[in-house]
Structure formats: C-alpha cells, structure tokens
Undergrad: 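Attaching a single structure in structure tokens format; questions to follow.
Only this structure's heavy atoms are used, side chains among them; waters, hydrogens and symmetry mates stay out. From a predicted model like this one, the values you see are computed outputs, not experimental measurements. The chains referred to below are lettered A, B, ... by the order of the sequence lines, with proteins before strands, and numbering in each begins at 1.
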Protein chains: 2
Amino acid sequence: MNKRLGKKQWIDFGLKTLATQGINAVRVEPMAAELQVTKGSFYWHFKNRNALLEEILSAWKGYATNDIITNVEEQGGDATQRIRCLFTTVLEGDNRLDKEIRIWADSDNNVQTALRQIDQRRVTYLEDLFKELGFTAIQATARARLVYHALIGQFTMDVPAIDPFKPSRQFEIIFNMLIQKPN
Amino acid sequence: MNKRLGKKQWIDFGLKTLATQGINAVRVEPMAAELQVTKGSFYWHFKNRNALLEEILSAWKGYATNDIITNVEEQGGDATQRIRCLFTTVLEGDNRLDKEIRIWADSDNNVQTALRQIDQRRVTYLEDLFKELGFTAIQATARARLVYHALIGQFTMDVPAIDPFKPSRQFEIIFNMLIQKPN
DNA sequence: GCAAGTCAATACGCTACCGTATGGTAGTCC
DNA sequence: GGACTACCATACGGTAGCGTATTGACTTGC
C-alpha cells in the first residue's frame with residue numbers, strides 16, 4: 001500500500017470529485033479527509049486551491065481534445081457511419097464531467113473560454129461530416145448546430161439516454177431527418 | 001422613498017441575483033449589503049436562507065408554468081405558426097434565469113424535480129403541436145425532444161441567439177427539416 | 001398619544017474553509 | 001550513518017457567511 005500521494009493523485013481525485021459532485025465540492029480540506037491525509041499534503045503539491053483548479057481544467061482540455069472525434073475517426077467508415085458512431089458514443093458515454101465543466105464555466109471565465117474552443121472544434125467536425133454527405137455549407141452548419149445543441153441539451157438535463165421502451169426507434173427517426181436532403 | 005423592504009423585494013432581488021450571478025451568489029449578507037440594509041431585515045422576513053431559496057423556486061415555478069406556452073397559445077394560429085412563434089420567443093428571450101435554475105438543479109433535488117416537471121410539460125406541448133401537423137406519435141415525440149434538447153443546449157452554452165451574419169436562414173433550414181414529412 | 005405591530009441595526013457565537021509556518025518521518029544516496 | 005528529499009501532521013490565524021438575541025425606531029389603529 002502506497003499511502004503517500006503524488007500530485008497526479010490529487011488531480012485525478014479532483015476530476016472525480018468534479019464529475020460526481022460539482023466544482024463546489026472540490027475543496028481542499030474535505031478532499032484531504034477523503035484521501036485520508038491532511039491538507040499538509042495538498043499544500044505541498046499545490047500553491048493553493050486555484051492551482052489545483054487550473055490543473056483540473058487543463059487535464060480536461062487534454063481529454064476533450066483527444067476525444068470522441070479521434071475515437072470516431074479511428075473507427076473509420078463513410079460520413080453516415082461516422083455520424084452514427086459519434087451519436088451512439090456520446091449518448092452512451094458518461095457525460096458527467098462534461099456537464100460539470102459546463103456548469104463550472106458559468107462562474108469561471110477561463111473555463112468558459114476553454115469550453116468554447118472545444119465546442120467550436122466539435123461543431124466544426126460535425127459540419128464537415130455533413131458537408132461530406134453533400135450538404136451545402138449553410139445546410140451543414142444548421143444541421144451540425146442543431147445536433148450539437150441537442151446533444152448538449154440531452155445531457156445537461158440528464159435525460160435517460162436511451163428510452164427503455166422505444167429505444168433506437170427515435171434515434172433512427174432523427175437520424176433520417178438529419179440526413180435527408182431538403183426538398 | 002420607501003426604504004423599508006417587504007418579503008417580496010427580497011424574493012425579487014433573489015431571483016435577479018440568481019439570474020445574473022447564479023445560486024452561489026444568493027447569500028444573505030451580500031444581498032443585504034446590496035440592498036443597503038443589514039441581515040436583520042432578512043431574518044425578519046425569512047426563517048433562514050433556505051426559506052428564501054424555496055420561495056425563489058416556487059416563484060420560478062409560477063413563471064414557468066404560466067409561461068411561453070400560454071403566450072404562444074394566446075397568439076393563436078395553426079400548428080406551424082405556433083411552432084414558429086415558440087421558437088422565436090424562446091430564442092429571443094432572456095434565458096438566464098432558466099439557465100441558472102438548471103445549474104442550481106444540479107445540486108438540489110427539489111429544484112431538479114420542479115425542473116423535470118416543467119420540462120415534461122413543455123416537451124408534451126411540443127409533441128402535441130407536431131401531432132397536430134399530422135405526425136405519428138413517435139415521429140412527434142422524436143421531433144419534440146430533438147427541438148427541446150436543442151433549445152436547452154442552445155442557451156446553456158450561451159450561443160449568440162441569432163448569428164449576426166446569416167440570421168434567419170439557418171432557422172428556416174431547421175424549421176423546414178422539422179416540418180417535412182418522412183420519405 | 002400610546003400600544004401593537006413591522007422593520008432594521010448591532011453584536012455575538014459558530015462553522016467551514018483557506019492558507020501559512022513549522023516540525024516530523026520514511027526512504028535514498030553516498 | 002549523516003544529509004537530503006518528498007511527503008505529511010499539527011497548530012495557528014484569518015475570512016465569509018449563517019443564524020440568534022436584543023434593542024431601537026417608525027407606523028398604524030384605536
């Protein structure tokens with residue numbers, strides 16, 4: 001048993017706490033208690049609470065940049081398949097961290113900025129997929145935004161991702177709607 | 001000049017503070033300072049902070065129940081017009097309060113419950129509109145959810161509601177997409 | 001014009017947390 | 001085995017905010 005902690009453990013635990021209990025629960029004394037150490041440990045690794053928050057944010061940036069998109073691209077397939085893949089990946093994933101980051105962003109400008117960049121990147125990716133399907137720029141943009149906003153909305157209200165009764169049916173309807181060319 | 005405060009002023013100011021600075025800023029001493037009184041006033045009107053929070057929540061429930069839907073219904077018109085009206089009303093409105101309520105709900109179960117009810121009501125309303133347009137139940141459900149989630153997503157990321165350059169164009173695209181019958 | 005009722009100021013104790021200072025201990029290096 | 005490093009405990013002082021108790025002051029009813 002390695003009772004001694006490293007900086008990484010603190011950051012990981014910070015991320016976990018953020019994801020499960022929100023940014024307000026990321027406080028040094030309570031966390032120290034849960035980790036069975038005192039804050040003496042914390043202040044050895046970090047200048048102050050804010051330093052931890054910054055580390056947490058940049059850890060998330062790492063995850064989010066090297067993210068679903070990469071994953072989807074690795075799976076390959078044509079645009080239709082990739083869109084489908086992206087959907088299911090997001091819908092089935094655990095989005096609590098993303099959600100809490102979004103909430104955190106409401107009260108912290110650095111987080112806000114980081115989040116916007118990630119959002120931008122994702123929307124652009126979606127746009128490209130739709131263009132690949134033959135949609136015009138503006139058609140692609142409209143669709144990409146609609147989808148992305150819906151995805152965000154989906155998990156900020158934590159809708160049970162898959163309706164237990166009519167599961168994939170709705171998914172297919174929406175999917176077809178998005179893919180259908182206008183007129 | 002009426003320097004004396006009533007319960008209502010406190011609640012209103014609470015709502016305002018919530019909308020502009022989030023639930024974390026709804027604290028009695030800071031609010032008292034801004035209102036140019038001491039907390040002696042607050043504790044005369046309320047048992048404790050939580051009592052204020054409850055009042056705030058139920059005030060919001062009032063707004064939210066007697067809400068956009070009522071508004072849209074008053075405007076009248078057929079389903080298409082009403083959907084269009086609902087869209088623009090929401091997109092042009094000030095959704096900060098709704099957003100902060102949603103954030104608040106993340107850390108308070110009562111709020112969560114209230115919010116779910118409102119969400120439910122709104123989605124159902126949308127569903128009915130789509131049914132009125134001749135969609136089957138499941139088609140209507142899928143569309144209603146997609147739209148609602150997108151709307152939520154739209155303002156939880158605070159996307160500039162109307163893109164300054166291509167304003168209504170995207171709106172029309174999405175609108176047509178939603179209204180078009182499958183196949 | 002005086003009693004009741006309404007609102008507010010002040011002063012206090014309490015908790016939760018931040019951050020610092022200082023000293024202690026267990027491994028590592030030579 | 002002494003020095004050095006990495007980590008942790010303890011004790012302390014400080015702040016923000018909650019809630020309570022007491023007193024004061026203005027307002028209205030009679």
Side-chain angles (χ1 to χ4, degrees), chain A residues 1-59 100-101 103-111, chain B residues 1-59 100-101 103-111:
Chain A
M1 280 285 98
N2 187 9
K3 274 224 87 175
R4 320 270 285 187
L5 270 48
K7 193 165 183 168
K8 186 169 181 313
Q9 274 102 314
W10 275 101
I11 298 176
D12 285 348
F13 191 63
L15 281 160
K16 185 179 163 194
T17 307
L18 173 58
T20 55
Q21 315 186 75
I23 194 62
N24 261 327
V26 181
R27 319 208 143 261
V28 356
E29 274 161 326
M31 282 174 72
E34 282 198 66
L35 287 173
Q36 317 242 44
V37 293
T38 63
K39 54 184 173 168
S41 167
F42 180 87
Y43 285 100
W44 199 88
H45 294 291
F46 303 91
K47 189 172 150 284
N48 52 29
R49 176 172 180 258
N50 219 48
L52 172 63
L53 296 186
E54 278 169 25
E55 298 269 15
I56 288 180
L57 179 58
S58 74
E100 294 300 341
I101 291 269
I103 288 174
W104 182 14
D106 189 55
S107 61
D108 185 312
N109 281 326
N110 292 330
V111 181
Chain B
M1 284 279 100
N2 187 10
K3 274 223 90 177
R4 320 271 285 185
L5 269 49
K7 194 164 183 169
K8 185 166 183 313
Q9 273 103 313
W10 275 101
I11 299 177
D12 285 348
F13 191 64
L15 281 160
K16 184 179 163 193
T17 308
L18 172 58
T20 55
Q21 313 186 79
I23 195 62
N24 260 327
V26 180
R27 321 209 142 261
V28 356
E29 276 162 324
M31 282 173 70
E34 283 198 64
L35 287 172
Q36 318 242 44
V37 292
T38 63
K39 55 184 172 166
S41 167
F42 180 88
Y43 284 100
W44 198 89
H45 294 291
F46 302 91
K47 189 171 151 285
N48 52 29
R49 175 174 181 258
N50 219 48
L52 172 63
L53 295 186
E54 279 170 24
E55 299 267 17
I56 288 179
L57 178 56
S58 74
E100 293 300 340
I101 290 269
I103 289 174
W104 182 14
D106 189 56
S107 62
D108 185 314
N109 282 325
N110 292 328
V111 181

Undergrad: Using only atom types and a distance under 3.5 Å, with no angle test, would you say the side chain of Ser107(B) pairs donor to acceptor with the backbone of Trp104(B)?
TA: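 Indeed, once roles are kept as given, a pair shorter than 3.5 Å links the two residues.
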Undergrad: To the nearest Å, give me how far apart NZ (Lys47(B)) and P (dA21(D)) are.
TA: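 For the pair Lys47(B) NZ and dA21(D) P, the rounded distance is 13 Å.
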Undergrad: Using a strict heavy-atom distance below 4.0 Å, which residues from residues 30-46 of chain A are in contact with DNA chain C?
TA: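 Nucleic-acid contacts, sorted: Pro30(A), Lys39(A), Tyr43(A).
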Undergrad: If I take atom NZ in residue Lys8(A) and atom P in nucleotide dC7(D), what distance separates them, rounded to the nearest angstrom?
TA: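 Distance check: Lys8(A) NZ to dC7(D) P gives 14 Å.
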Undergrad: Tell me: CG of Asn48(A) to C1' of dC17(C), nearest whole Å?
TA: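 Distance check: Asn48(A) CG to dC17(C) C1' gives 14 Å.
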Undergrad: Show your reasoning for whether side-chain contact (heavy atoms from CB on, under 4.5 Å) applies to Leu5(A) and Phe13(A).
TA: CA-CA 11 Å; Leu5(A) 270 48; Phe13(A) 191 63; over 6 Å; no
Undergrad: Would a 4.5 Å heavy-atom cut-off, applied to side chains only, mark Glu100(A) and Ile23(A) as touching?
TA: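 No. Closest side-chain heavy atoms not under 4.5 Å.
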Undergrad: Side-chain contact test, heavy atoms from C-beta onward, threshold under 4.5 Å: evaluate it for Arg27(B) versus Asn24(B) and give yes or no.
TA: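 Arg27(B) reaches Asn24(B) side chain to side chain.
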Undergrad: Is the phosphate of dC26(D) approached by Arg4(B) (side-chain N or O, under 4.0 Å from OP1 or OP2)?
TA: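 No, outside the criterion.
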Undergrad: Is any side-chain heavy atom of Ile101(B) closer than 4.5 Å to one of Leu18(B)?
TA: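 In contact.
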Undergrad: Whole angstrom is fine here: how far is it from NZ in Lys7(A) over to C1' in dC8(D)?
TA: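 Computing the Lys7(A):NZ to dC8(D):C1' distance gives 17 Å.
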Undergrad: Assess whether a salt bridge exists between Lys16(B) and Asp12(B), defined as any Lys/Arg side-chain N lying under 4.0 Å from an Asp/Glu carboxylate O.
TA: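 Not counted as a salt bridge, because no side-chain N and carboxylate O are separated by less than 4.0 Å.
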Undergrad: Phosphate oxygens OP1/OP2 of dC17(C): is one of them under 4.0 Å from a side-chain N or O of Arg27(A)?
TA: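 Arg27(A) to dC17(C) OP1/OP2: no side-chain N or O under 4.0 Å.
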Undergrad: What integer distance in Å separates Glu29(B):CD from dA11(C):C1'?
TA: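 Result: 12 Å.
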Undergrad: Please list residues of residues 10-19 of chain A whose heavy atoms come under 4.0 Å from any atom in DNA chain C, ordered by number; otherwise none.
TA: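 Result for residues 10-19 of chain A: none.
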Undergrad: What integer distance in Å separates Leu52(A):CG from dC18(C):P?
TA: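 Rounding to the nearest Å, CG of Leu52(A) and P of dC18(C) are 10 Å apart.
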Undergrad: Got Glu29(B) and Phe42(B) here, is their nearest side-chain heavy-atom distance under 4.5 Å?
TA: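 No, side chains not in contact.
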Undergrad: Would a 4.5 Å heavy-atom cut-off, applied to side chains only, mark Trp10(B) and Val37(B) as touching?
TA: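 Result yes, sub-4.5 Å side-chain heavy-atom pair found.
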Undergrad: By ring pair (Phe, Tyr, Trp, His ring centres under 6.0 Å), which residues pair with Tyr43(A), not counting sequence neighbours?
TA: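 So Tyr43(A) forms no ring pair (Phe, Tyr, Trp, His ring centres under 6.0 Å) with any residue.
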